[in-house]
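Everything below concerns the one structure shown next.
Computed over heavy atoms, backbone and side chain alike; hydrogens, waters and symmetry mates excluded.
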Amino acid sequence: MCEWLNTLGVTGILLKYRVPKRSETDPSKEPIQDAQRAMGLVKKHAAEWGIKPDKIGILGFSAGGHLCVMSTLHPNERTYAQDPELDIADATPAFSIPVYPAYLTEKGNDFQLKPEIKVGPQAPPICLVHAHDDRITPAGSALVYLEYKKANLSAELHIFSKGGHGYGMKKSGNPVNDWPQRVGEWLKANGWAN
């Protein structure tokens, strides 16, 4: 993934984060803490690392796609004590790319977003990618897109007919294998890539 981003003139930074726990109360608490802290570290070191601080985005797959959505919609709702050496006041990404994001809809109702998935007026641009035949419902991506549309915010949605779940960057001959090209075009069109 990072190598592909490099071909677009984008610096890829890989986040190793704590995965969601099987807790009903707040399963995404620790992963979002890791993403918020990472955003702070990258923004604090942006000049040193040759990165433009206003062009730092987030991309994630499956559970990482969920983390991507949560970090996009709740970037500054902190559940940990902030350290001024590591954190910044505003951890909002410039853009968001959730690829086959999981855990967006209510259990037993694929057409209802979970209550914590709320698109606020300051939500950054998003480009959602899913396959229609994914075992994790693509309706979650479609519903997030519709919430962006209702709020008149910048969003793009790609639901490919075939591809299943977990395809990442693997070539399988399915239509979904073209997602990097579509996302690359979106990044370029918005000035985040060369």
Identify the residue among Ile136, Ile117, Thr137 that makes a side-chain contact (heavy atoms from CB on, under 4.5 Å) with Thr105.
Thr137
Classify the ring geometry between Trp192 and Trp186 as parallel (under 30°), tilted (30 to 60°) or perpendicular (over 60°).
tilted
Please round to the nearest 0.5 Å and tell me the distance separating atom CE of Met70 and atom CD of Glu116.
5.0 Å
Surrounding NE2 of His132 (heavy atoms of other residues, nucleotides or ligands, distance under 6.0 Å), is the total greater than 12?
no
Can you tell me how the ring of His66 sits relative to the ring of Tyr103, calling it parallel under 30°, perpendicular over 60° and tilted otherwise?
perpendicular
More than 12 heavy atoms of other residues, nucleotides or ligands under 6.0 Å from CD of Glu85: is that the case?
no
Show your working on side-chain contact (heavy atoms from CB on, under 4.5 Å) between Leu67 and Tyr17 and close with a plain yes or no.
CA-CA 10 Å; Leu67 176 56; Tyr17 66 95; 3.7 Å; yes
Looking at Asp34 and Arg18, would you say the former's side chain and the latter's main chain have a donor-acceptor pair under 3.5 Å?
yes
Return yes if some donor-acceptor pair links the side-chain N/O of Gln36 with the main-chain N/O of His74 below 3.5 Å, else return no.
yes
Quick one: do Leu143 and Val69 end up in the same hydrophobic cluster if we chain Ile, Leu, Val, Met, Phe, Trp and Tyr together by side-chain heavy atoms under 4.5 Å apart?
yes
Which value, rounded to the nearest 0.5 Å, describes the distance between Thr7 atom OG1 and Asn194 atom CG?
10.0 Å
Heavy-atom count check: over 12 atoms from other residues, nucleotides or ligands less than 6.0 Å from Tyr80 OH?
yes
Counting only heavy atoms not in Gln122, do more than 12 sit closer than 6.0 Å to its CD atom?
no
Closest non-hydrogen atom pair, Pro98 against Gly65
CB-O, 3.7 Å
Could you check whether any side-chain N or O of Tyr148 sits under 3.5 Å from a backbone N or O of Glu156, counting only pairs where one atom can act as donor and the other as acceptor?
no
Out of curiosity, Ile126 CD1 to Thr72 OG1, how far, rounded to the nearest 0.5 Å?
5.5 Å
Please check if atom NZ in Lys44 has more than 12 non-hydrogen atoms from other residues, nucleotides or ligands closer than 6.0 Å.
yes
Any link between Met169 and Val183 through a network of hydrophobic side chains (Ile, Leu, Val, Met, Phe, Trp, Tyr) touching at under 4.5 Å?
yes
Should Leu73 and Ile58 be counted in the same cluster of Ile, Leu, Val, Met, Phe, Trp and Tyr side chains packed under 4.5 Å apart?
no
Between the side chain of Asp134 and the main-chain N/O of Gly163, is any donor-acceptor distance below 3.5 Å?
no
Out of curiosity, Ser96 OG to Leu128 CG, how far, rounded to the nearest 0.5 Å?
7.0 Å
Can you tell whether the side chains of Glu185 and Lys188 come within less than 4.0 Å, N to carboxylate O?
no
Checking Gln33 side chain against Thr79 main chain: does a donor-acceptor pair fall under 3.5 Å?
yes
Asp110 side chain vs Gly140 backbone, donor-acceptor pair below 3.5 Å:
no
Nearest 0.5 Å, please: how far is CG in Leu5 from OG1 in Thr11?
9.0 Å
Any donor-acceptor pair under 3.5 Å linking the side chain of Asn174 with the backbone of Val176?
no
Joint cluster assignment, Val42 & Ile88, ILVMFWY side-chain distance < 4.5 Å:
no
Around atom CG of Asp83, are there more than 12 heavy atoms of other residues, nucleotides or ligands at under 6.0 Å?
yes
Just by modelled atom types, is the Gly40 backbone N or O under 3.5 Å from a matching donor or acceptor in the Asp87 side chain?
no
Working to the nearest 0.5 Å, report the span between OH of Tyr167 and CZ of Phe160.
7.5 Å
Exam field: side chain Lys55 to backbone Ala94, donor-acceptor pair closer than 3.5 Å:
no
Distance-minimising heavy-atom pair for Ile159 and Ala131
CG2-C, 4.2 Å
